[in-house]
Amino acid sequence: MKTPTIKQDMVVMLIFSAVILTMPVWLEPLGASYPDLLQKFAIFGIFAVGYNILFGLTGYLSFGHAAFLGIGSYTAVWSFKLLTMNILPALVFSVLLSGLFALLIGFITLRRSGIYFSILTLAFAQMSYNLAYSVLTPITNGETGLQLARDDARILDRLFSEAGEGLPSTDFFGFSMSGYSGFYICAVLLIIAFFISQRIFHSPFGTKLRAIKSNQTRMKYTGYNTKPYLLTAFVISGMYAGLAGGLMAATDPLAGAERMQWTASGEVVLMTILGGVGTLIGPMLGVGIIKYFENIFSALNEQALHQAYAFMPDWLATVMVTLTSPFVGEGWHLTLGALFVLIVIFLPGGIMEGMNLIKKRFSKKEAEPSPTEKATETGQ
Amino acid sequence: MNNTILEIDNVQKSFGGLKALHDLNLKIEEGKVHAIIGPNGAGKSTMLNVCIGQLAPDSGTVTFNGENMIGKAPHEINQAGISRVFQTPEIFPDLSLLQNVMITAFATREGAFKMNLFRSLSNETEIEDEACQILTEIGLMGKQHSHAGSLSRGDKRRLELAMCLVQHPKLLLLDEPTAGMARHDTNKTIDLLMKIKEGGMTKIIIEHDMHVVFSVADHISVLAQGTIIASGTPDEIKGSPKVQEAYLGGAHL
């Protein structure tokens, strides 16, 4: 388990960028190449990659990262309402404000570790969620959610042009945030986010974070003040979540409190574990699978199943449709749940562990390492 | 007479009704290897725990290099120059041996916190060379890229020693560095301790194996029931009837 050299990292970066930017092409046969879904892949990718910097490197399991997602969204919509429909200031404010909140929440929650830390983060997120519905209604617009209005101030936009008819749409210096151009803007941000995460993973700082996960006691007696390290990781991952939240608002200028609910925090945990905790690519894979299930599998109905089984004799097709129909359509959660259970039991290192196992099987030259080694090797 | 580098003055520590340390006074001279021996439960590990800030004493002071260490956080005490090898090896099992040693080396070079987010670890050749050198000395080179968690117990101990040595501490605390080792490994460790003794690093060594103690120590203190009952050169200790009675029982000699 060597730390990869900069050259190796650059190769990974190039491949990653190519794969992300060509997503509209290779996702076509899977029926997942429409812009809305592609944008979701990229946005949740940013969220999960950032979450992994905290959970994957330090092992601190936060159940409250959706709060930063929500803060990012609200900030972005406010920027659209008050300043301009350009997403640049919106995203900058989203990242900064969620970073600020992460600093505050992290400062308090990081006083504890393990399950107590998880509970504290969960408490903070649920508190934010409930505040957004109640006391903070003037800022969040409560249940309706914060949305654009025709008569919003938009000070910067007004300097250059009169308010047009209807609601304006978000853009990045003329590039629209809807459709494929929206996806490419998100994709470029994802690539930048992934690059930063890769640099952190392979820096002395990232190695120290992994050392904290491995043995925090030793870290302290080695002369490290572990708290600022943890806090930095927490703030960085909070900023990633803020960026993702901001982008959500940029692609669909509406911010609701449900974005902060614990299920949203849980989702990013699932994505990270499914793909492979502490691996660079893993969280991206988790995002792909969960979002694919949520959007494609959920759209399958009995008719689609009948078509899929059309080659079988009628009686067999009917049996197969009856057997598989609970797993598609609204039952997609069942499939995802079963998949999750299987992965956690058989591949605790997530899909990345499975891929490493397959790779080992094919390269016979190396002697069989122990199972624990396999599990942790994915950490590189 | 050498300078005193560590002075434990009148330290008391109780756990409930149990007096673990009772009027403990100890002076460690700079550049010496000072062995602490004593029966199980005499308070040897408690004493080290107080020295590194793991435990706060009920009263008394610990002065290191003229500075009071009581109330300081463990990382501050390490930064002041005290490193410790624990009784059960405390290493980073999920990292490679090389990363284990490099991490500790960074602590000494960069202090308690540094935000070097974007440097690549693979570019830190200077620290890597130093870590490799220590690993070679300690006999673990060749395994530097394997997981520390996959090492044998004896190798984990040696790795932990390497991690402490790379920090060039002013004072190294060794808590039973040969416990559970086979005779062959014990001898290897003695050789290693003798080798690093030449560097002039001050060491406190807690050890049950009298063979090790009398091989490496310049000075021996005997701890029993939380207090020092005898202190002197190895020869003085060997000859002391008080020590024979309390601990050695003559059998080992």
Side-chain angles (χ1 to χ4, degrees), chain A residues 1-10 53 56-59 195-233 235-236 277-278 369-380, chain B residues 49 52-54 73-86 89-124 127-128 144-150 160 163-164 166-167 169 173:
Chain A
M1 46 175 290
K2 281 183 190 169
T3 310
T5 58
I6 290 187
K7 223 185 220 168
Q8 288 167 329
D9 278 350
M10 284 305 136
I53 293 175
L57 287 180
T58 71
F195 174 73
I196 293 173
S197 145
Q198 189 197 44
R199 300 284 11 110
I200 293 175
F201 262 65
H202 298 154
S203 69
F205 185 85
T207 315
K208 286 172 201 167
L209 293 181
R210 266 206 295 260
I212 291 177
K213 179 182 182 178
S214 196
N215 187 347
Q216 187 159 189
T217 313
R218 180 28 103 188
M219 270 314 257
K220 285 178 183 160
Y221 295 115
T222 295
Y224 285 110
N225 190 0
T226 53
K227 184 90 184 280
Y229 281 99
L230 292 166
L231 192 57
T232 310
V235 170
I236 292 172
V277 182
S370 70
T372 49
E373 209 170 6
K374 280 175 191 165
T376 35
E377 202 140 64
T378 53
Q380 275 305 291
Chain B
N49 290 345
I52 62 164
Q54 194 175 359
H75 69 266
E76 292 171 315
I77 293 179
N78 176 281
Q79 291 288 350
I82 303 181
S83 289
R84 174 178 179 182
V85 175
F86 286 81
E90 293 277 0
I91 54 167
F92 305 117
D94 304 321
L95 302 184
S96 73
L97 272 67
L98 187 61
Q99 286 168 339
N100 264 274
V101 181
M102 284 174 78
I103 290 271
T104 43
F106 274 121
T108 316
R109 300 238 181 151
E110 300 180 342
F113 177 66
K114 185 155 187 203
M115 261 231 280
N116 38 12
L117 286 179
F118 300 114
R119 284 211 322 257
S120 179
L121 188 69
S122 55
N123 275 9
E124 301 286 343
I127 286 192
E128 189 174 328
Q144 74 271 32
H145 292 305
S146 31
H147 274 99
S150 66
E160 196 187 17
M163 288 159 74
C164 289
V166 83
Q167 295 200 311
L173 310 178

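Quick note on labels: first sequence line is chain A, next is B, and so on, each numbered from 1.
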Side chain proximity check, B:E90 to A:T217, heavy atoms < 4.5 angstrom: yes
Under 4.5 Å heavy-atom distance to chain B, tell me which part of A:I236 shows up: side chain, backbone, both or neither. side chain
Taking the six-membered ring for Trp, are A:Y229 and B:F113 ring centroids under 6.0 Å apart? yes
Heavy-atom pair count under 4.5 Å with chain B, highest-scoring of A:Q198, A:K213, A:M219: A:M219
Please confirm whether the backbone N or O of A:T222 pairs with a side-chain atom of B:Q167, one donor and one acceptor, at under 3.5 Å? yes
Check for a donor-acceptor pair, side chain of A:S214 on one end and backbone N or O of B:D94 on the other, with a separation under 3.5 Å. yes
Do other residues, nucleotides or ligands put more than 12 heavy atoms under 6.0 Å from the CE atom of A:M10? yes
What residues, two or more places apart in sequence or in another chain, satisfy side chain to side chain donor-acceptor pair (under 3.5 Å) together with B:S122? B:S120
Just do the side chain to side chain contact (heavy atoms under 4.5 Å, CB included) check on B:F118 and A:F205 with the steps written out, would you? CA-CA 8 Å; B:F118 300 114; A:F205 185 85; over 6 Å; no
Taking the ring of B:F86 and the ring of A:Y221, is the distance between their centroids below 6.0 Å? yes
Any A:R199 side-chain heavy atom under 4.5 Å of B:L117 side chain: no
Just so I know, are the side chains of B:E110 and A:K208 near enough to count as touching, which here means a heavy-atom distance under 4.5 Å? yes
Which atoms of A:T207 approach chain B - backbone, side chain, both or neither, heavy atom under 4.5 Å: both
Listing request: all salt bridge (Lys or Arg N to Asp or Glu O under 4.0 Å) pairs with a residue in residues 215-227 of chain A, at least two apart in sequence or in separate chains. A:R218-B:E160
